[in-house]
Each structure stands twice: as structure tokens, then as C-alpha cells.
**Q** 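Have a look at this one before I ask anything.
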Amino acid sequence: MAGLMVSLKYCFNIICVTLLLLSSVSASVLKKSTTSGSAFFIFGDSSVDPGNNNYINTIPENQANYKPYGLNSFFQRPTGRFSDGRVIVDFIAEYAKLPLIPPFLEPSADYTNGANFASGGAGVLPETNQGVVIDLPTQLKNFEVVQKSLIEKLGEAEAEKVISEAVYLISIGSNDYMGGYLGNPKMQETYNYQAYVGMVIGNLTQTIQVLYKKGGRKFGFLSLSPLGCLPALRALNPKASDEGGCFEAASALALAHNNALKSVLTSLEQILKGFKYCYSNFYNWLDDRINYPSKYGFKEGINACCGYGPYGGAFTCGGTKLVKEYELCENADDYVWWDSFHPTEKIHEQFAKALWNGEPEPEPVGPYNLQRLFFDKEKLTIADIVDDAPQPHHVLQ
């Protein structure tokens with residue numbers, strides 16, 4: 001009987017230790033599944049600017065820190081986002097279980113989870129809107145400032161880990177083509193469009209390589225939209241009746257840029273060890289919503305919710321610019337376009353979901369979706385951890 005009691009006690013101890021191990025492992029796995037642990041660094045233009053331009057000397061066209069921006073009240077006030085609410089990177093941060101990523105220039109910003117360097121009006125080339133924006137080369141220098149601050153705060157080894165596990169999202173280029181080329185006769189005289197696209201892509205590639213040398217391995221890219229179909233460019237189109245409304249010269253530049261970027265990324269994946277990226281055909285994705293809005297829950301795909309004149313294409317939203325008059329729709333969620341250049345929060349959310357899940361509409365996201373970039377690390381199952389844990393008889397000795 002005594003022997004039986006000892007055996008039962010031994011078994012009971014084993015069961016208790018095993019349960020403790022399993023509960024510990026379950027908590028560990030649950031923790032891994034609810035937070036990515038990856039920081040998020042963002043470079044770009046007004047498509048992803050969370051308010052950096054609030055802190056620089058610029059022109060009214062490059063700011064959005066006034067009403068009716070932020071109309072949907074997700075934020076308590078206009079933040080500087082060129083939207084009726086959130087922009088795509090806000091949703092991506094939410095899906096990655098991260099807090100909102102702060103603007104780099106926000107006073108006392110905490111960069112532990114990343115930083116957003118984007119600036120409305122910025123281009124890949126420093127000549128684009130020079131003097132009134134934070135261009136991509138300067139955004140890269142600002143990243144170096146953050147890198148140094150992380151080393152000071154976390155130590156070199158931990159900071160290197162943050163940098164190497166982070167996801168880097170880049171959304172820029174539209175301004176180089178709209179204002180930097182089509183709006184700049186001198187640039188058109190100096191470069192044909194193929195040479196100009198090559199110059200933009202060359203500078204963008206250099207930025208990617210610099211980030212890679214600094215430790216970045218996981219990248220997301222937003223390809224350019226059909227620029228000629230933005231309400232502002234429809235309104236400027238001298239051949240609107242011949243081209244169905246869209247300014248085809250602008251859309252052709254966007255397509256050339258996207259094709260060149262796609263080729264570069266394919267090459268970089270082969271050349272740079274450990275380089276992983278998420279790319280999507282935003283051009284076709286948005287074009288589908290412009291032409292068939294009702295398929296995606298919209299009522300209006302051509303006109304802007306906030307603007308003036310044909311298509312709402314005059315960039316007067318908010319009344320802070322030379323022309324003060326503007327019209328505002330009743331429900332921004334019915335619209336693809338928020339203002340003359342920028343889509344509504346609803347578009348930002350739909351595209352964020354597509355990038356996150358890799359939805360193949362109208363073309364697949366690849367070769368990785370953002371969810372995989374944020375969450376795919378060495379995956380440990382409960383069985384793996386239990387197998388590696390000390391066995392019960394070792395614990396009980």
C-alpha cells in the first residue's frame with residue numbers, strides 16, 4: 001500500500017509539472033500569436049504621412065492638419081493625415097498588434113515600435129518639391145537618427161535585433177511624376193520619360209540597399225496608383241473626351257514605374273541574402289474600384305468627396321489655399337476619393353487588408369503578404385517546446 005501511495009504521489013508530481021509546463025508554454029505561444037514583436041518603419045509621401053509636415057515650414061497644399069481632414073472622428077482632431085480618418089499604415093500597425101506609429105518629428109516620440117518618416121509632397125528625388133518637403137534621402141538620414149537613439153536606449157545588440165526584425169514600408173514616387181516631371185517643362189526637356197523613370201527607380205533602389213546594409217530585411221512596397229485618374233488630373237486633362245477622362249500620360253508614367261520597380265525587386269531578392277518583400281499591383285486594384293465602385297461598397301469612383309469644380313479636382317479642400325471655396329460630400333464612405341489627390345479611409349482599410357492577407361484581387365500580393373513579414377519567425381509548437389524542456393524525472397531529482 002505504501003509503495004502504491006509513493007507511485008501515486010510520483011505520478012501526481014509528474015502530472016503537476018507537466019501541467020505547469022503546458023500552461024507556461026500555452027502562455028508563451030499565445031503571447032507570440034498576439035504580438036508580432038516587429039517594429040515598423042515607414043518612408044513615403046502623403047499616402048502614409050501621419051503628420052510630419054505639421055512640424056516643417058511648407059505650403060498649405062502639403063498639410064492636412066485642419067478640418068475637414070479627420071472628419072470621421074477616429075482621431076479627436078485633424079492630425080495631418082491626408083484622409084477623412086486613418087491611412088493604410090495605421091491599419092497595418094493595428095493588424096500587427098502595434099500602437100500607432102508616431103511621426104518622426106513628433107516631440108518626445110517613442111521609437112521603440114518604429115517611426116514614420118513620410119512627408120506629404122515628398123519625392124524619391126530631392127528636386128521634387130524641394131525646400132517644402134522631407135525628401136526620401138532626408139527621410140533616410142532621419143532613420144539613422146532613430147537607429148542611434150535605439151542603440152542609446154536599448155544597447156547595440158538589442159537595437160540591431162529591432163532593426164533586423166522590423167518591417168520597412170515604402171510608399172513614394174507619385175510626386176516625382178506629377179509635379180516633378182509632368183509639371184516641370186525643364187525636366188521634360190532634359191530627360192525623356194524612360195530616362196526619368198530610370199533615375200527615380202535608381203534612387204529608390206539605392207535607398208533599399210542602404211536600409212539593407214543597416215540591417216533591414218523585410219520590406220513592403222505600395223506601387224503607384226493610376227495617377228491620371230486622380231480627380232485633380234482628370235480636371236487638368238486636355239484630352240478628357242478622347243481618353244475617357246483620365247490623363248493617360250500620368251497613368252503611363254505610373255505603369256512604367258511599377259513595372260521597373262517589380263523587376264528591381266525580383267533582382268534584389270536574388271542578390272541580397274534574406275531580402276523578403278511584399279508587393280502588390282495597387283494600380284489595377286484601385287483602377288477596378290474607380291471603374292466598378294459598387295462591387296466594393298462604394299457609390300462614387302470618379303469625383304472627390306472634398307474639393308471644387310469638375311470631379312472635385314480643384315485642390316481646395318479645407319479652404320486654406322488660394323481658392324477658399326470647396327464642397328464636401330455627406331458620406332465619405334460612399335467615395336473612393338477623399339480629396340483631389342487622396343483616397344478615403346475606406347480605401348486605405350481595404351488595401352491594408354489585401355496587403356495583410358495577400359488577397360488575390362485583382363492580382364495577388366507577393367511573394368510575401370505583410371502578415372507573414374510581421375509574424376513569420378521560427379515557429380515553436382507546444383510539442384516542440386515540451387520536447388526541448390527538461391524531462392519530469394530531471395525536474396523531480
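Along the sequence shown, residues are numbered consecutively beginning with 1.
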**Q** Can you name the side chain to side chain contact (heavy atoms under 4.5 Å, CB included) partners of Leu105, sequence neighbours left out?
**A** Asn52, Tyr55, Ile56, Ile134
**Q** Please name the pair of heavy atoms, one in Leu253 and one in Tyr181, separated by the smallest distance, quoted to 0.1 Å.
**A**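 So the minimum-distance heavy-atom pair works out to CD1-CD2, 3.9 Å.
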**Q** Would you say Leu204 ends up clustered with Tyr191 if hydrophobic residues are merged whenever their side chains have heavy atoms under 4.5 Å apart, either directly or through other cluster members?
**A** yes
**Q** Under 6.0 Å from the CD atom of Gln194, do we count more than 12 heavy atoms belonging to anything else shown?
**A**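 Buried by this count: over 12 neighbours within 6.0 Å.
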**Q** What residue among Leu211, Thr205, Thr207 forms side-chain contact (heavy atoms from CB on, under 4.5 Å) with Gln209?
**A** Thr205
**Q** Just grab all the side-chain hydrogen bond (donor to acceptor under 3.5 Å, both in side chains) pairs involving residues 138-154, residues at least two apart or on different chains.
**A**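 For residues 138-154, and leaving out neighbouring residues, the side-chain hydrogen bond (donor to acceptor under 3.5 Å, both in side chains) pairs sorted by first residue read Asp110-Lys153, Thr112-Lys153, Asp135-Thr138, Glu144-Lys214.
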**Q** Can you list the steps and then say if Phe117 with Leu136 is a side-chain contact (heavy atoms from CB on, under 4.5 Å)?
**A** CA-CA 9 Å; Phe117 307 97; Leu136 187 58; over 6 Å; no
**Q** Tell me the closest heavy-atom pair linking Pro78 and Lys67, and the distance in Å.
**A**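 Heavy-atom minimum between the residues: CG-N, 3.7 Å.
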**Q** Take Thr58 and Asn53 through the side-chain hydrogen bond (donor to acceptor under 3.5 Å, both in side chains) test and state the conclusion after the steps.
**A** CA-CA 7 Å; Thr58 186; Asn53 280 11; 4.8 Å; no
**Q** According to the interplanar angle, ranging from 0 to 90°, do the rings of Tyr196 and Tyr177 count as parallel (below 30°), tilted (30 to 60°) or perpendicular (above 60°)?
**A**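 Tyr196 and Tyr177: perpendicular rings.
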**Q** A quick test of your reading: do over 12 heavy atoms of other residues, nucleotides or ligands sit less than 6.0 Å from CD of Gln206?
**A** no
**Q** Test side-chain contact (heavy atoms from CB on, under 4.5 Å) on Val365 and Cys278 and set out the steps.
**A** CA-CA 7 Å; Val365 169; Cys278 169; 3.3 Å; yes
**Q** Set out, in order, the CA-CA distance, both residues' side-chain angles and the distance that settles side-chain hydrogen bond (donor to acceptor under 3.5 Å, both in side chains) for Tyr335 and Asp84, then state yes or no.
**A** CA-CA 11 Å; Tyr335 284 68; Asp84 55 309; over 6 Å; no
**Q** Sulfur to sulfur, is the gap between Cys305 and Cys329 shorter than 2.5 Å?
**A**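 Bridged: Cys305 to Cys329.
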**Q** Can Phe221 and Tyr279 be said to form a ring-ring contact (aromatic ring centres under 6.0 Å, His included), step by step?
**A** CA-CA 5 Å; Phe221 298 92; Tyr279 179 83; 7.3 Å; no
**Q** Give the C-alpha distance, both sets of side-chain angles, the deciding distance and a yes or no for ring-ring contact (aromatic ring centres under 6.0 Å, His included) between Tyr311 and Trp337.
**A** CA-CA 10 Å; Tyr311 315 111; Trp337 298 106; over 10 Å; no
**Q** With a cut-off of under 6.0 Å to the ring centre and 45° to the axis, is Lys218 in cation-pi contact with Tyr277?
**A**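 No, Lys218 does not sit over the ring of Tyr277.
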**Q** With sequence neighbours excluded, what pairs up with Glu349 under the salt bridge (charged side-chain N to carboxylate O under 4.0 Å, His left out) test?
**A**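 Listed in chain order: Lys353.
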**Q** Is there a donor-acceptor pair closer than 3.5 Å between any side-chain N or O of Ser223 and the backbone N or O of Ser280?
**A** yes
**Q** Could you walk me through whether Tyr326 and Asp339 pass the side-chain hydrogen bond (donor to acceptor under 3.5 Å, both in side chains) check?
**A** CA-CA 10 Å; Tyr326 69 94; Asp339 66 18; over 6 Å; no
**Q** Between Leu370 and Gly220, which heavy-atom pair has the shortest distance, and what is it?
**A**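 For Leu370 and Gly220, the tightest heavy-atom pair comes out as CD2-CA, 4.4 Å.
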**Q** How close do Lys321 and Thr316 get, counting heavy atoms only, and between which atoms?
**A** NZ-C, 4.2 Å
**Q** For Arg81, enumerate each residue passing the salt bridge (charged side-chain N to carboxylate O under 4.0 Å, His left out) test, keeping only those at least two apart in sequence or located in another chain.
**A**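 With neighbours one apart ignored, the set is Asp90.
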**Q** Stepwise, does the side-chain hydrogen bond (donor to acceptor under 3.5 Å, both in side chains) test hold for Glu325 with Tyr308?
**A** CA-CA 7 Å; Glu325 191 172 356; Tyr308 190 67; 3.3 Å; yes
**Q** Does NZ or CZ of Arg217 fall inside the cone over Tyr212's six-membered ring, less than 6.0 Å from its centre and within 45° of the axis?
**A** yes
**Q** I'd like to know if Arg86 pairs up with Glu94 as an ion pair, taking the criterion as any Lys NZ or Arg NE/NH1/NH2 lying under 4.0 Å from an Asp or Glu carboxylate oxygen.
**A**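 Between Glu94 and Arg86 there is a salt bridge, with a charged N closer than 4.0 Å to a carboxylate O.
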**Q** Can you name the nearest heavy-atom pair linking Gln188 to Gly183, along with the distance?
**A** NE2-N, 4.4 Å
**Q** List, by chain and then residue number, the residues other than Val323 in its hydrophobic cluster (Ile/Leu/Val/Met/Phe/Trp/Tyr, side-chain heavy atoms under 4.5 Å); write none if there are no others.
**A**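 For Val323, no cluster forms, as it stays isolated from other hydrophobic side chains.
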**Q** Looking only at side-chain N and O atoms, does Glu345 offer a donor or acceptor that is under 3.5 Å from a partner on Asn72?
**A**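 There is such a pair (donor and acceptor under 3.5 Å, judged by atom type) between the side chains of Asn72 and Glu345.
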**Q** Would you tell me whether Ser83 and His348 have side-chain atoms, one donor and one acceptor, within less than 3.5 Å of each other?
**A** no
**Q** Less than 6.0 Å separating the ring centroids of Phe219 and Phe275?
**A**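 Yes, the ring of Phe219 comes within the 6.0 Å limit of the ring of Phe275, centre to centre.
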**Q** Is it true that atom CG of Asn57 has more than 12 heavy atoms of other residues, nucleotides or ligands lying nearer than 6.0 Å?
**A** no
**Q** Can any side-chain N or O of Thr344 pair as donor or acceptor with the backbone N or O of Asp333 at less than 3.5 Å?
**A** no
**Q** What are the two closest non-hydrogen atoms of Pro137 and Pro126, and how far apart are they?
**A** CG-CD, 4.2 Å
**Q** Looking at Phe298, does the NZ or CZ of Lys346 lie under 6.0 angstrom from its six-membered ring centre and within 45 degrees of the ring axis?
**A** yes
**Q** In terms of the angle between their ring planes, are Phe143 and Phe41 parallel, tilted or perpendicular, with boundaries placed at 30° and 60°?
**A** perpendicular
**Q** Going by disulfide (SG to SG under 2.5 Å), name the pairs with one or both residues in residues 62-168, residues two or more places apart or in two chains.
**A** none
**Q** Determine, step by step, whether Leu150 and Val146 satisfy the side-chain contact (heavy atoms from CB on, under 4.5 Å) criterion, reporting the C-alpha distance in whole Å, the side-chain angles of both residues, the deciding distance to 0.1 Å, and the verdict.
**A** CA-CA 6 Å; Leu150 288 173; Val146 169; 4.1 Å; yes
**Q** Determine whether more than 12 heavy atoms belonging to other residues, nucleotides or ligands lie under 6.0 Å from atom OH of Tyr292.
**A**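 No, OH of Tyr292 has 12 or fewer neighbouring heavy atoms, counting only those of other groups under 6.0 Å.
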**Q** The test is ring-ring contact (aromatic ring centres under 6.0 Å, His included); show your working for Phe341 and Phe82 and say whether it passes.
**A** CA-CA 9 Å; Phe341 290 96; Phe82 291 80; 9.6 Å; no
**Q** Decide yes or no on side-chain contact (heavy atoms from CB on, under 4.5 Å) for Leu355 and Asn369, but give the supporting numbers first.
**A** CA-CA 6 Å; Leu355 285 173; Asn369 62 34; over 6 Å; no
**Q** If you count the non-hydrogen atoms of other residues, nucleotides and ligands that lie under 6.0 Å from NZ in Lys324, is the total more than 12?
**A** yes
**Q** Please say yes or no: joined through hydrophobic side-chain contacts below 4.5 Å, possibly via intermediate residues, are Phe40 and Tyr368 part of one cluster?
**A** yes
**Q** Counting distance only, does the side-chain N/O of Asn113 pair as donor-acceptor with the main-chain N or O of Ala39 below 3.5 Å?
**A** no
**Q** So, Asp176 versus Thr128: side-chain donor-acceptor pair below 3.5 Å or not?
**A** yes
